[in-house]
Amino acid sequence: MAAGVGMTALGGVLAGGSTSFGATAGKVTLNYLGRGSDTERAMYDQLFTMFKAKNPNIDIAVTWIPNGNAVDQQQKVLTMLAGGTPPDVMWNHTYITPGLVARGALMELGPFIKKDNFDLGQYLAPAVQDFTLKGQVYGLPRETTAFVMIFNRTLLKAAGLPDPKPGWKWNDLLTMAKAVTKGSGADQVYGLYGMTNDIFAFTVKTWQNGGDLLNADRTQYTANAKPGVDAARFVQDLIWTDKVHPSLDNIKTFGDLMAAGKAGFEPFYTAFIALKDAKFEWDVAPMPTDGKRVTRVASAGHAMLKGSKNPDEAWELLKFLASGDAFNAYVDNGIIMPTRKNNFNDVLTKLNGKVLVPRNVQVIRDAFGYGRPEPVAGNWVGVHSTIISAVTNVWGPQKMDAKTSLDAVASTVNDLIKALPEAK
Amino acid sequence: MARRRWRDWLWAYLFLLPWALGIIFLYGGPMIASLFIAFTKWDMITPPRWVGLSNFSQMFRDSSFYKALYNTGIYTVASVPLQLAAALLVAMLLNQKVWGMKVYRTVYYLPSVMPTVAATVVWLFIFNHDFGLVNHVLAVVHLPQPYWLTDPAWTKTTLVFLSVWAMGQPMVIFLAGLQDVPQPLYDAARVDGAGTVAQFRHVTLPMITPTIFFNMIMGMIAAFQAFTQPYVLSGGSGDPDKSLLFYVMYLFNEAFEFFNMGYASALAWVLFAVILILTLLNFVLARRWVHYEQPGGRW
C-alpha cells in the first residue's frame with residue numbers, strides 16, 4: 001500500500017502539474033474520463049463519433065471506469081491529476097464537484113458561456129445550481145434525479161390496498177407497509193425497504209422534520225439535533241419495533257428486495273434501471289411527509305478540467321454533450337430525467353411507455369419543483385460515509401441511541417467540512 | 001576452488017537478479033517516495049507540504065487509528081493460532097494413506113483458490129441471522145443466535161471463522177512438513193512404546209516446528225494486512241460501529257477516500273514497523289522452541 005501511494009505521489013511531484021494530450025499541428029486529442037455500464041460506454045462512443053464528424057480536427061481518447069460511481073470517478077480523476085495527466089472533459093456529479101473545485105481542478109465556465117452567449121436557461125434550474133458554486137458555473141448538467149417513493153402495485157393490490165394518495169403521511173405508509181409485510185424466512189415480503197440505503201431517506205426525513213445535515217452556512221454539523229435524531233429513531237422503529245423493514249443483516253444478504261418483488265415500498269431516486277426486468281407492476285408516489293414538503297434532488301453532468309491544454313476544444317465537446325443531439329441519445333438510452341427542458345418534457349409526455357417512465361410521472365415533475373440538493377460542503381463523500389456509520393449503529397442489532405451515535409461523529413464531520421473550506 | 005566458488009557466486013546472483021531488480025525498481029522507489037510523503041500533507045493535487053512528524057503524532061490523537069489497530073490485533077491473535085491448529089489437524093488427516101486422498105486434498109485446498117469476494121458473499125448467506133445455516137444449527141441445540149454480520153460484538157468472530165476456513169495454504173505447507181519427518185523416528189518411538197499421542201507430541205511436533213514457525217510468521221503478516229474480507233463484509237465502511245475497520249482498510253480509506261496521502265503513508269510505515277518488530281521478536285523467541293534437524297539449519 002505504501003508503495004502504491006508513493007508511486008502516485010512521486011509521479012505528481014516529478015510531473016509538477018498537468019501535461020498536454022497529443023496536441024499535434026492541426027489535430028487535437030481530447031481525453032474524456034467517464035464511468036458507467038457497457039451500454040453507457042457504447043452511447044458515448046456513438047456520441048463521440050457524431051462529435052468527430054462535426055469536428056474533424058478533434059480526436060477523443062476515452063478513459064472509462066466500468067460500472068463506476070461518483071466516488072470512483074473522484075478517485076480516478078484525482079489520481080490522474082496527481083500523475084500529471086488530467087482529462088480534458090469528465091462526467092461529473094453533485095457530490096464531487098465542490099471537492100474538485102476546492103482543489104482547483106475544474107475550469108470555471110463563465111468566460112466560455114459569455115463568449116458564446118450560451119443559454120443556461122435551457123436546463124432545469126436545480127440542476128444548473130448543482131454545478132454552481134459561489135456564483136461560478138463548473139459544469140453543464142446531463143440528468144437529474146429526485147427522491148420519490150417507488151411502490152409495488154402488484155403487492156399492494158394483493159393486500160387489498162389502493163395506490164398512496166396525494167398528501168399521504170408516514171403513518172399512512174406504515175399502515176400500508178404492515179398490511180404488505182407477510183411470510184417468513186427467505187420468502188418474507190417486507191412492506192418497506194431502502195430506508196437504510198445510504199443516508200438519502202434519512203436526509204429527506206430530517207429536512208421534513210425541519211432540520212438539516214449542516215447549518216445554513218454549511219460550517220457546522222447539525223444532523224445530531226432533534227430533527228435528525230427523530231429521523232434516525234423513526235427508521236430504527238421501522239426495523240425493530242414495527243418490523244416492516246428488513247434488518248441490515250437481511251439487506252446485506254439479499255440485496256435489492258424491491259427489484260426482487262419482495263418489498264412494497266422503496267424510497268429511491270428517479271433512476272429505474274433496476275426495475276427494467278421487474279415481473280410486477282410498479283409506480284411512484286411522492287415521499288410521505290408529516291411536515292415540510294421537500295425531497296432530495298441531485299444531478300450529474302460534464303465538466304472541464306483546468307489542466308486542459310486545449311480548453312477551446314474541450315468547451316466544444318462540453319457544449320456538444322449538453323446539446324439536443326446528445327440529450328436525444330441520453331433519453332433513447334434510458335437516462336430518463338434529462339436536465340434539458342425540451343428533452344425532459346419529451347420524456348414526461350411523449351416517451352412514456354417506451355422507456356422506464358412510471359405512470360405517475362407527474363409525481364416526478366412535481367418533485368423537481370419542491371426538491372433541493374444536499375448541503376454539499378468540504379469532503380462530502382467523507383461526510384456521507386461518516387454519517388452512514390453513525391446511523392448504521394442506530395439501525396443495526398446493537399440499536400445504539402440515535403442521539404449518542406449522531407453526537408459521536410460531530411467533530412469528525414466538522415473536520416471534513418473544514419477539510420476543503422473554500423468548497424462551500 | 002576459488003574460481004569455482006566465484007562462478008557459483010556469479011550464478012547465484014544472476015538468478016537472484018530479477019528479484020533484486022524488482023525490489024529495487026518496483027518496490028524501492030515507491031517505498032522511498034512514500035517515506036517522504038509520510039512527512040508531508042498531500043491531497044494528490046496541490047504540491048506536498050512538509051509537516052515533519054505531525055502525521056505520526058496525529059495517530060496518537062486519532063481514535064480510528066487505535067480502533068483499527070485494536071481490531072487488527074484481536075483478529076491476528078485469534079485467527080492465526082486457530083488457523084494453524086485447523087490447518088495442522090487437516091494436514092495430519094490428509095497425510096494418511098487412504099484411497100481417494102488426492103480428491104480430499106483438492107477439496108480442502110479449494111477455499112484458498114476461491115476468489116475472496118465470491119467466497120465472502122457465500123458466507124453472508126451462511127451467517128445470516130434469520131436464515132443462515134449457522135444460526136439454524138444453533139437454534140436446534142438451543143443456543144443464542146447472534147447477528148454475525150451486523151452486531152459489532154460478533155463481526156470479528158465471523159471473520160476469524162472465514163480465515164480458518166481458508167486454511168489451504170498453511171495446510172499444504174504442513175503436509176509437506178509432515179512428509180519430511182523421517183519414518184525411522186516413528187519406528188523408534190513405537191519400539192519405545194509411544195502411542196499415537198506421544199508420537200505426535202515427541203516426534204511430529206518437534207520435527208515440524210520450523211514449518212509451524214514459517215506458517216505462523218506468514219499468517220501473522222497476512223492477518224495484519226487483512227483487507228478484502230472485512231472490506232466486503234462492511235461494504236468498505238468498517239461498520240457496524242467500526243468493528244470491521246481493519247488497519248489496511250483504514251489506510252486505504254485515508255488514502256483514496258479522504259485523500260490524506262501523507263497520513264496514509266505514515267500509517268503504512270507504522271504498520272511496516274509493527275510487523276517488522278513482531279517478526280523479529282518471533283525470531284528471537286523461536287530460538288527456544290524451533291528445532292532444526294541439521295546443524296546450521298537456523299535462519
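A, B, ... follow the sequence lines: proteins, then strands. Residue 1 opens every chain.
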Trainee: Let me know if A:Q74 has heavy atoms under 4.5 Å from chain B in its side chain, its backbone, both or neither.
Mentor: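 Both parts, backbone and side chain.
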Trainee: Which heavy-atom pair separates A:Q75 from B:F259 by the least distance, and what is that distance?
Mentor: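 Reported closest heavy-atom pair: CA-CZ, 3.8 Å.
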Trainee: Is it true that atom NZ of A:K403 has more than 12 heavy atoms of other residues, nucleotides or ligands lying nearer than 6.0 Å?
Mentor: yes
Trainee: Looking at A:P397, is its backbone amide N or carbonyl O close enough to the side chain of B:D151 to form a donor-acceptor pair, meaning the two atoms are under 3.5 Å apart?
Mentor: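 No: the side chain of B:D151 does not pair with the backbone of A:P397.
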Trainee: Does any non-hydrogen side-chain atom of A:Q398 lie less than 4.5 Å from one of B:Y147?
Mentor: no
Trainee: Look at atom OH of B:Y70 and say whether more than 12 heavy atoms of other residues, nucleotides or ligands are closer to it than 6.0 Å.
Mentor: no
Trainee: Report which part of A:D249 has an atom under 4.5 Å of a heavy atom belonging to chain B: side chain, backbone, both, or neither.
Mentor: both
Trainee: Given heavy-atom pairs under 4.5 angstrom as the criterion, report whether the side chain, backbone, both or neither of B:P240 touches chain A.
Mentor: both
Trainee: Would you say the side-chain atoms of A:K252 pair up with the backbone N or O of B:L124, donor to acceptor, closer than 3.5 Å?
Mentor: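 Flag not set: sc A:K252 to bb B:L124 has no pair under 3.5 Å.
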Trainee: Report, as yes or no, whether the 6.0 Å neighbourhood of atom CE on B:M218 holds more than 12 heavy atoms from other residues, nucleotides or ligands.
Mentor: no
Trainee: Sort out for me which of A:T412, A:T392, A:N250 touches chain B most, counting heavy-atom pairs under 4.5 Å.
Mentor: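 Answer, by heavy-atom pair count under 4.5 Å with chain B: A:N250.
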Trainee: More than 12 heavy atoms of other residues, nucleotides or ligands under 6.0 Å from NZ of B:K67: is that the case?
Mentor: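 Yes, because the 6.0 Å sphere around NZ of B:K67 holds more than 12 heavy atoms from other groups.
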Trainee: In Å and rounded to the nearest 0.5 Å, what is the OG1 to CD1 distance from B:T150 to A:I251?
Mentor: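 Between B:T150 OG1 and A:I251 CD1, I get 10.0 Å after rounding to 0.5 Å.
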Trainee: Give a yes or no on whether B:Q169 atom CD has more than 12 heavy-atom contacts from other residues, nucleotides or ligands under 6.0 Å away.
Mentor: no
Trainee: Could you go step by step and tell me if B:K242 and A:S389 meet the side-chain contact (heavy atoms from CB on, under 4.5 Å) rule?
Mentor: CA-CA 8 Å; B:K242 300 297 171 200; A:S389 288; 2.9 Å; yes
Trainee: What distance do A:L78 atom CG and B:D43 atom CG have between them, rounded to the nearest 0.5 Å?
Mentor: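 Here the rounded value is 7.5 Å.
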Trainee: Could you tell me the separation between the CH2 atom of A:W395 and the CG atom of B:D239, rounded to the nearest 0.5 Å?
Mentor: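 Output value for this atom pair is 11.5 Å.
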Trainee: Below 4.5 Å from any heavy atom of chain A, which atoms of B:F131 appear? Answer side chain, backbone, both or neither.
Mentor: side chain
Trainee: Can you check whether A:T253 reaches B:L149 side chain to side chain, under 4.5 Å on heavy atoms?
Mentor: yes
Trainee: Roughly how far apart are A:S385 OG and B:N253 CG, rounded to 0.5 Å?
Mentor: 7.5 Å
